[in-house]
Asks: 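Input: one structure, supplied below.
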Amino acid sequence: MADVSLAPTDPCARTPLDVASIRADFPLLARTIEGKRLVYLDSAASAQKPRRVLDAMRAFEETSYANVHRGVYRIAVEATDAYEGARRRIAGHIGANSEREVVITKNVTEAINLVAHSWGRSQLHEGDAVVLSEIEHHANLVPWLMLAEERGIELRFIPLAEDHTLDLTDLDRLLDGAKLLSITAKSNVLGTVPPLRRLIDAAHDAGALVLVDGAQHVPHKATDVVALGADLFAFTGHKCVGPTGIGVLWGREELLDSMPAFLGGGDMIRDVRLDGWTPNELPWKFEAGTPPITQAVGLAAALDYLAELGFDAIAEHEVALTAYAMRTLTERLGDRIRIHGPAEPAERAGVLSFELEGVHPHDVSQILDERAVCVRAGHHCAKPLMRKLGVGATARASLYVYNDTDDVDELADALEATSTFFGTG
Ligand SMILES: Cc1ncc(COP(=O)(O)O)c(C=O)c1O
C-alpha cells in the first residue's frame, strides 16, 4: 500500500477549470436519482459526453448521413468528407504527421489486437520476446498471451514496485533482445504513470519497437505521438468524452505500410479477384467494412472540446482534485481506507482504487449508488495486478474535468456512512 500523506502545500480545491460551467455542458450530469444529485466518479471506465459531441453526431445523422467511400451522390460525398475530415482533425489533435497514420478501429482493444495479429503474427517467432508490465489492462495482455500460446513467444513483465510505480531496476535485462515493448501510459487501477520517455529510449536502444496503450492518457494530457517517439499508439473514444464504438491506432507510416492487413472485407482492398486480392492504401488497408462514421464525427468534436478546455488546465485540475481526494479520504476514514497507487498526486492519475475495511468493494459500490455516487467495483480488467496487490477486487473512484470537491465530499460522506452501516466505523 502507498503512503497517502500529502504535502501541506496541497493546492486543495484551486483549479483552473470552471467546473460549474463544464458540468452544464454535460446533459447527463443534470440528472438526479431519487432527488439526489448524480456524482459521477467512473470516467476511467467511460466519460460522459458534452452536448457539443451529442449535437455534432446528431447534426451529422440528421443532415449528411450515408455510407462512406462508395456513393457519388451528394450526401454520400458529404458523409465521406465528414468521416475523412474527422480523421484529419483526430490526426491533428494527436500530433500525427499525416492522416495516413491514423487507423480508425472499434476501440483501443481492437487497435492492440490489430498490432498483435498483423505485426505480431508476421514478425514474431518462437522464442522472440515481448515486454509488458504487471499493471497492464487485459487489452494489452490477452492479445500477447494468445500469441504466446500460438507462437511460443516469450513474455517478460516489468514488475510493480512497492510504491506502486514500475520497478525499472532490471529494465535493460528485460529489454535485451526483445522485439517489442507494449506498455500503458497510465494505469487504470493505480493511476501509475510509467516514465514513457525513458522506457521508449531504452526499448529503442535495445532494438525493440514500442506500442503505447494511451487509453487513460489521451483524455487527460496533450498527446503528441511524434514527439513521444513511440512507434505505435492506441486509444479509445469513450474515455475522452467521445462515443463508444471508436478507437484509434496511430503508427509510423512506414511501419504501418509494412504490416499486413488485419481483417478482410470491403474498403480494405484495392482489387479483389476470384484468385486473390490487393490491399488498399493506408489507412484504409486496416479498416475492413463500414467504419464507425458517426462516431468519428463525435470523437473529433470530443477532442476539439478537450483541447478548448486546455490540457494544461485539465492536468492542473486533476492534480489539485486528486490531492484533495487523497487527503480528504485519508483524514476522514483513517485506517479504514486503503488507497492503492503512488502517494504523490502530481505523479499519478486521478484514479483512486481503494478498499474499505470490512466491506466488499461490490457492497461499497452498491451502497454508494443509494446516494447516487457512481464508483466502479471489480478487477478493472487487470486480474494479474489484482493478484499482485493481494485482492480480488477494489472500488475505484476516478476524477475528471466535471468533478469538483463537492463530489469528493459526497464520496467521503457516503464512505463514512457505509463504514458505519457495516459496523466498522
Ligand atoms: C489502460 C486501458 N487500456 C485499455 C482499455 C480498454 O478500452 P476499450 O474497452 O475501450 O478497448 C482500458 C479501459 O478501461 C484501459 O483503461
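Since the structure is predicted, the reported quantities are computational estimates derived from the model, not experimental observations. All ligand and atom numbering here is 1-based and tracks the order in the structure.
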Asks: Looking at atom 15 (C) of ligand 1, what's its closest protein heavy atom, distance included?
Replies: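 Ranked first by proximity to atom 15 (C) of ligand 1 is His137 CD2, 3.3 Å.
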Asks: Could you see which bit of His238 sits under 4.0 Å from ligand 1, with heavy atoms only: side chain, backbone, both or neither?
Replies: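 Contact part for His238 vs ligand 1: side chain (C-beta onward).
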Asks: Taking the inter-plane angle between the rings of Tyr400 and Tyr402 on a 0 to 90° scale, is it parallel (under 30°), tilted (30 to 60°) or perpendicular (over 60°)?
Replies: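 If you compare the ring of Tyr400 with that of Tyr402, the planes turn out perpendicular.
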Asks: Just heavy atoms, cut-off under 4.0 Å: does Val108 contact ligand 1 by side chain, backbone, both, or neither?
Replies: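 Contact part for Val108 vs ligand 1: both backbone and side chain.
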Asks: CG/Leu190 to NE2/His380 distance, rounded to the nearest 0.5 angstrom?
Replies: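 Between Leu190 CG and His380 NE2, I get 9.5 Å after rounding to 0.5 Å.
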Asks: Has Arg58 got more than 12 heavy atoms of other residues, nucleotides or ligands less than 6.0 Å from its CZ?
Replies: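 Open: at most 12 neighbouring heavy atoms sit under 6.0 Å from CZ of Arg58.
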Asks: Report the C-alpha distance between Arg52 and Asp55 in whole Å, list the side-chain angles of each, state the deciding distance to 0.1 Å, and finish with yes or no for salt bridge (charged side-chain N to carboxylate O under 4.0 Å, His left out).
Replies: CA-CA 5 Å; Arg52 161 102 73 98; Asp55 287 351; over 6 Å; no
Asks: Write out the residue and atom name of the closest protein heavy atom to atom 9 (O) of ligand 1, then the distance separating them to 0.1 Å.
Replies: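 Of the protein heavy atoms, Thr109 OG1, 3.8 Å lies nearest.
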Asks: Around atom 1 (C) of ligand 1, find the nearest protein heavy atom and jot down its residue, atom name and distance.
Replies: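 Among all protein heavy atoms, the one nearest atom 1 (C) of ligand 1 is Asp213 OD2, 3.5 Å.
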Asks: Considering residues, nucleotides and ligands other than Gln366, do more than 12 of their heavy atoms fall under 6.0 Å from its CD?
Replies: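 It does not: Gln366 CD has 12 such atoms or fewer within range.
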Asks: When you measure from the heavy atoms of Lys239 to every atom of ligand 1, does any distance fall below 4.0 Å?
Replies: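 Flag set, Lys239 near ligand 1.
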Asks: Any luck finding a side-chain donor-acceptor pair between Thr294 and Glu61 under 3.5 Å?
Replies: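 Distance-only check passes for Thr294 and Glu61.
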Asks: List the closest protein heavy-atom neighbour of atom 16 (O) of ligand 1: residue, atom name, distance to the nearest 0.1 Å.
Replies: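 Residue, atom and distance for the closest contact: Gln216 NE2, 2.7 Å.
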Asks: Is Arg31 atom CZ crowded by more than 12 heavy atoms from other residues, nucleotides or ligands, each under 6.0 Å away?
Replies: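 Open: at most 12 neighbouring heavy atoms sit under 6.0 Å from CZ of Arg31.
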Asks: Can you list the ligand 1 atoms lying under 4.0 Å from a non-hydrogen atom of Ala139?
Replies: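 Heavy-atom distances to Ala139 below 4.0 Å select 4 (C).
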Asks: Taking only heavy atoms of Asn188 into account, list the atoms of ligand 1 that are under 4.0 Å away from them.
Replies: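 Listed by number with element, the hits are 16 (O).
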